[in-house]
Amino acid sequence: MTEKITQKIENVIQSIDEILEKIKNCSEDFNSNSEIFSTLADLSPAGIYLYQDRKFVYINKATERISGYSIDELKKMEPMNLLHPDDYKTVEKIIERRERGEKLEAHHYLRIKHKNGEYRDLYVVSNTVTYKGRPAGIGIALDITEQKDLQKKLAYLSSHDELTGLYNRNFLLEELKELIKLARSNHYSLAFLHIDINKFKEIINLYGHATGDYILKITGQQLKKLLKEDDVIGRLSGDEFGVIIPKLEKIEAVSKITEKIISSIEKPITLKDKEISLTASIGITIYPYDGKTAEDLIKNAEIAMNHAKNISNKENKSKYMFFSYKLGKQIEEKIKLKELLKTALEKNKDEFILYYQPIVNLQTGKLKGFEALVRWENKKFGTLPSEKFIQIAEETGEIINLGKLIIEKAINHIQIWKEKGFDDFKITINISSEQLKSEDFIKFIEETTKNLPQKDRVTLEITESILIQNVEKTRKILNKLKDLGFSIAIDDFGTGYSSLNYLKEFPFDFLKIDKSFLSDILNNKKTKAIVLSIIELSHNLQSKAVIEGIETEEQAKLLKDLNCDYGQGYYFSKPLLFNKVENLLKNPYFQI
Ligand code: C2E
Ligand code: CA
Ligand code: CA
């Protein structure tokens, strides 16, 4: 059908070209000499005009129909005022060139405002002629508004599902292909959801097809309303919908969206004399894990949907499943952890326990202090290492409260040790980015440590990556902390973000070399050279070098030889419970 319209337009254009040719051959005195022409022109369904000094000199009858204005009105007005603002520049350029006498044949589309306020689409062919000894524009304008509308309608019909007004399966597939390309080049994940309404056949048997259609329409509309603008929804077939979530910041966000979709589908729909509630089975695939192509993602989502449907049928309620069982489990676990973390921080603060790992002076073997490392002893999951929940706490913002709790506990321990006469060692506390930048951090730490005379017994460890995030703000905070008397250590140094330039911006007392360097320091000369350089860099910047993750005697000896100031690692001791620290304080020496 589109081809037919294009063909039609081409035919008209051809006849316009012929008319133009005839006009060109007309004599100079346009109005008097060409009765034949003006009769012909008035018969033309296309608008014909002669334009000079920014006014129409001649216009045919058809222009009245096209513009809604009479010939007299048109002759009096400034024709440029009829143009759509977006087309103004193009036309202005053509006119200017003509006014300079340039011979210019132009073919272009433009829009003019009809007297009734609506815009009409025109196809215009024009050229320069000489009229009364000066250049003028002559042209033919064809109203193609209907064809354009039809084209739009056709494009709509070929990409949309008539019943629901959502995209159809083909279009959804094409969109998915495009969005996968985007996700691939930007390195983010994408989700595809296959949504199937449960027992839809039974509904049709009970209530008939018209009701079935009505339910699909309502469901489709509600889903569309619920999704974000960038999300894409379509009807795959019958009672099946597909949703693309094109950019996933966090994979577990899919669960949230899916749960919202389920509650939307379960919302009762009112029919004439009753309400009906639906349930759904949903299968989810994540690019790139569950398929690299659109076809695979769709196919696998359907497989996952069928698994969900089996369970859904048994349990008689909505169910969603990830194609990849492992991924699904991980996501489920993370969501559970998030909830548990929140409750634990509100109600069971005792579940968070500080362990202390010794930091040793590598030159003398004397204990320097401890790094406080948090563990979570949860009834359900057992003892969780910090890497299992710190990141979650950071994502949810819970790190602020958790961080406060850790500082309070550590300071409390310092007081207890002090009362027992142990007060010549340092305690290092890790501070997360959000925590450091939270509004009341400085006030909080000042308040919590107000009974601690030597503030430099506390070292605040911040990771290298924090430094580059907001240089100005971070510098202010760190300077303030230094002024208050705390020591600062830069943690995980050398793990990728380092721009040496930043180092001169911040005050710090320790540079903590990441444990990853230790893995091959004994047999890789380059690693050894890098570590030595970092140690020297640290000394040249008037700070001390600390290395973490020493596991063997050989490593400890080498680092001592490289002149590294302090070391930490399983070779000396694993992180210890509070009540195990005292033994060490009584005999604070290690063999190197
Ligand atoms: P980190 O600050 O780099 O902490 C050092 C990690 O290396 C600790 O893991 C420690 O147990 C481990 N480690 C120590 N010696 C060795 C060794 O010889 N070999 C090996 N392979 N590992 C060793 P942990 O306790 O699981 O902590 C992991 C990360 O979690 C920490 O990395 C830190 O970024 C974060 N974290 C731990 N506690 C806290 C805390 O209280 N607050 C904040 N904000 N983050 C914390
Ligand atoms: Ca640390
Ligand atoms: Ca570290």
Side-chain angles (χ1 to χ4, degrees), residues 341 345 349 351-360 362 368-377 382-413 426-438 441 444-445 448 458-467 487-498 508-522 531 534 545-556 558-559 566-578 590:
L341 187 67
L345 276 169
K349 290 190 175 152
E351 290 186 6
F352 298 98
I353 300 193
L354 288 189
Y355 278 64
Y356 292 93
Q357 188 176 35
I359 301 173
V360 178
L362 290 177
K368 165 79 174 165
F370 299 89
E371 176 174 8
L373 294 160
V374 66
R375 303 285 180 268
W376 178 16
E377 284 182 2
T383 300
L384 290 167
S386 31
E387 61 197 10
K388 276 255 177 183
F389 63 92
I390 288 285
Q391 199 199 343
I392 295 180
E394 284 172 340
E395 283 172 14
T396 57
E398 226 72 73
I399 191 70
I400 312 255
N401 286 331
L402 179 59
K404 283 182 177 169
L405 185 64
I406 289 165
I407 292 174
E408 279 167 354
K409 288 198 179 208
I411 302 299
N412 182 37
H413 286 160
K426 280 191 169 244
I427 289 293
T428 295
I429 303 172
N430 291 283
I431 306 292
S432 288
S433 166
E434 289 308 309
Q435 191 189 353
L436 185 77
K437 286 170 187 165
S438 63
F441 178 68
F444 173 81
I445 200 159
T448 321
V458 176
T459 301
L460 302 174
E461 234 174 68
I462 60 161
T463 55
E464 192 187 16
S465 54
I466 296 179
L467 300 182
S487 300
I488 310 276
I490 296 181
D491 201 1
D492 301 345
F493 188 76
T495 47
Y497 294 101
S498 54
F508 61 91
D509 307 275
F510 302 95
L511 208 55
K512 219 168 165 185
I513 305 168
D514 192 66
K515 56 179 171 290
S516 57
F517 287 102
L518 281 182
S519 61
D520 64 347
I521 196 165
L522 293 173
V531 170
I534 301 179
V546 189
I547 188 140
E548 58 185 6
I550 295 181
E551 291 182 354
T552 66
E553 186 180 353
E554 253 181 309
Q555 289 173 339
L558 174 65
L559 267 306
Y566 303 105
Q568 176 183 352
Y570 298 164
Y571 170 65
F572 300 115
S573 166
K574 290 210 162 176
L576 304 168
L577 267 172
F578 169 74
F590 291 87

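Quick note: residue numbers are just sequence positions, from 1. First listed ligand is number 1; within each ligand, the first listed atom is number 1.
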Completion exercise
The atom of Glu371 among N, O or S that is nearest the Ca ion (ligand 2) is OE2
Completion exercise
Logged contact type for Gln568 with ligand 1, heavy-atom cut-off 4.0 Å, is neither
Practice task
For ligand 1, indicate whether the residue Leu373 contacts it via side chain, backbone, both or neither (heavy-atom separation under 4.0 Å).
Solution key: both
Problem - Heavy atoms from other residues, nucleotides or ligands near NZ of Lys388 exceed 12 (cutoff 6.0 Å) - result: no
Completion exercise
For Glu548, the N, O or S atom at the shortest distance from the Ca ion (ligand 3) is OE2
Exercise for the section: Answer side chain, backbone, both or neither: which part of Ile406 comes under 4.0 Å from ligand 1, heavy atoms only. Expected result: side chain
Practice task
Identify, for atom 32 (O) of ligand 1, the protein heavy atom at the shortest distance, and state residue, atom and that distance.
Solution key: Asp491 OD2, 4.9 Å
Handout entry: Subset of ligand 1 atoms that lie under 4.0 Å from at least one heavy atom of Glu551
Key = 17 (C), 18 (O), 19 (N), 20 (C), 21 (N)
Problem - atom 16 (C) of ligand 1: the protein heavy-atom neighbour that sits closest, reported with distance to 0.1 Å - result: Tyr570 CE2, 3.2 Å
Problem - N-O pairing of Lys349 and Glu408 below 4.0 Å - result: no
Handout entry: Approximate separation, where rounding is to 0.5 Å, of Phe389 CZ and Leu384 CG
Key = 7.0 Å
Problem - Backbone N/O of Leu518 and side chain of Gln555: donor-acceptor pair under 3.5 Å - result: yes
Exercise for the section: Answer yes or no: is there a side-chain heavy-atom contact under 4.5 Å between Lys512 and Gln568? Expected result: yes
Exercise for the section: For the Ca ion (ligand 3), find the closest N/O/S atom belonging to Asp492 and write down its atom name. Expected result: OD1
Practice task
Can you sort out which atoms of ligand 1 are near Arg375, meaning under 4.0 Å from one of its heavy atoms?
Solution key: 11 (O), 25 (O)
Problem - Side-chain (Glu464) to main-chain (Gly494) donor-acceptor, under 3.5 angstrom - result: yes
Exercise for the section: May I ask you to establish whether Lys404 and Phe444 are in a cation-pi arrangement, using a distance under 6.0 Å from NZ or CZ to the six-membered ring centre and at most 45° from the ring axis? Expected result: yes
Handout entry: Lys426 side chain vs Ile359 backbone, donor-acceptor pair below 3.5 Å
Key = no
Exercise for the section: May I ask you to check if any N/O/S atom from Asn430 comes under 3.0 Å of the Ca ion (ligand 2)? Expected result: yes
Handout entry: Nearest non-hydrogen protein atom, atom 28 (C) of ligand 1
Key = Ser386 OG, 3.5 Å
Practice task
For atom 34 (O) of ligand 1, state whether the nearest protein heavy atom is under 4.0 Å away.
Solution key: no
Practice task
To the nearest 0.5 Å, tell me how far Ile488 CD1 sits from Thr459 OG1.
Solution key: 8.5 Å
Exercise for the section: Below 4.0 angstrom from a heavy atom of Pro575, which ligand 1 atoms are there? Numbered from 1 as shown, please. Expected result: 11 (O)
Completion exercise
Note: Asp492, heavy atoms under 4.0 Å from ligand 1, region reported as side chain
Exercise for the section: Can you establish whether the number of heavy atoms outside Glu434 located under 6.0 Å from its atom CD is more than 12? Expected result: no
Practice task
Within a distance under 4.0 Å of any heavy atom of Gly569, pick out the atoms of ligand 1 and give their elements.
Solution key: 15 (N), 18 (O)
Exercise for the section: Check each of Ile462, Leu436, Leu354, Asn430 against atom 43 (C) of ligand 1 and report the one with the nearest heavy atom. Expected result: Asn430
Problem - Sub-4.5 Å side-chain heavy-atom contact between Leu354 and Phe578 - result: no
Handout entry: Glu461, N/O/S atom nearest the Ca ion (ligand 2)
Key = OE1
Problem - Residues Trp376, Leu345; criterion side chain to side chain contact (heavy atoms under 4.5 Å, CB included); working and verdict - result: CA-CA 11 Å; Trp376 178 16; Leu345 276 169; over 6 Å; no
Handout entry: Gln435 CD to Ile462 CD1 distance, which is reported to the nearest 0.5 Å
Key = 11.5 Å
Problem - 4.5 Å side-chain heavy-atom contact, Asn430 and Thr463 - result: no
Handout entry: Side chain, backbone, both or neither: the part of Gln357 lying under 4.0 Å from ligand 1 by heavy atom
Key = side chain
Problem - Where ligand 1 meets Val374 - atom numbers and elements under 4.0 angstrom, heavy-atom basis - result: 38 (N), 39 (C), 40 (C), 41 (O)
Practice task
Only heavy atoms count here, so choose which of Gln555, Lys409, Glu548, Lys515 is nearest to atom 12 (C) of ligand 1.
Solution key: Lys515
Problem - Heavy atom of the protein closest to atom 44 (N) of ligand 1 (residue, atom name, distance) - result: Ser432 OG, 3.0 Å
Problem - Contacting atoms of ligand 1, where contact means under 4.0 angstrom from a heavy atom of Glu371 - result: 2 (O), 4 (O)
Practice task
May I ask you to check whether Asp491 brings an N, O or S atom to under 3.0 Å from the Ca ion (ligand 3)?
Solution key: yes
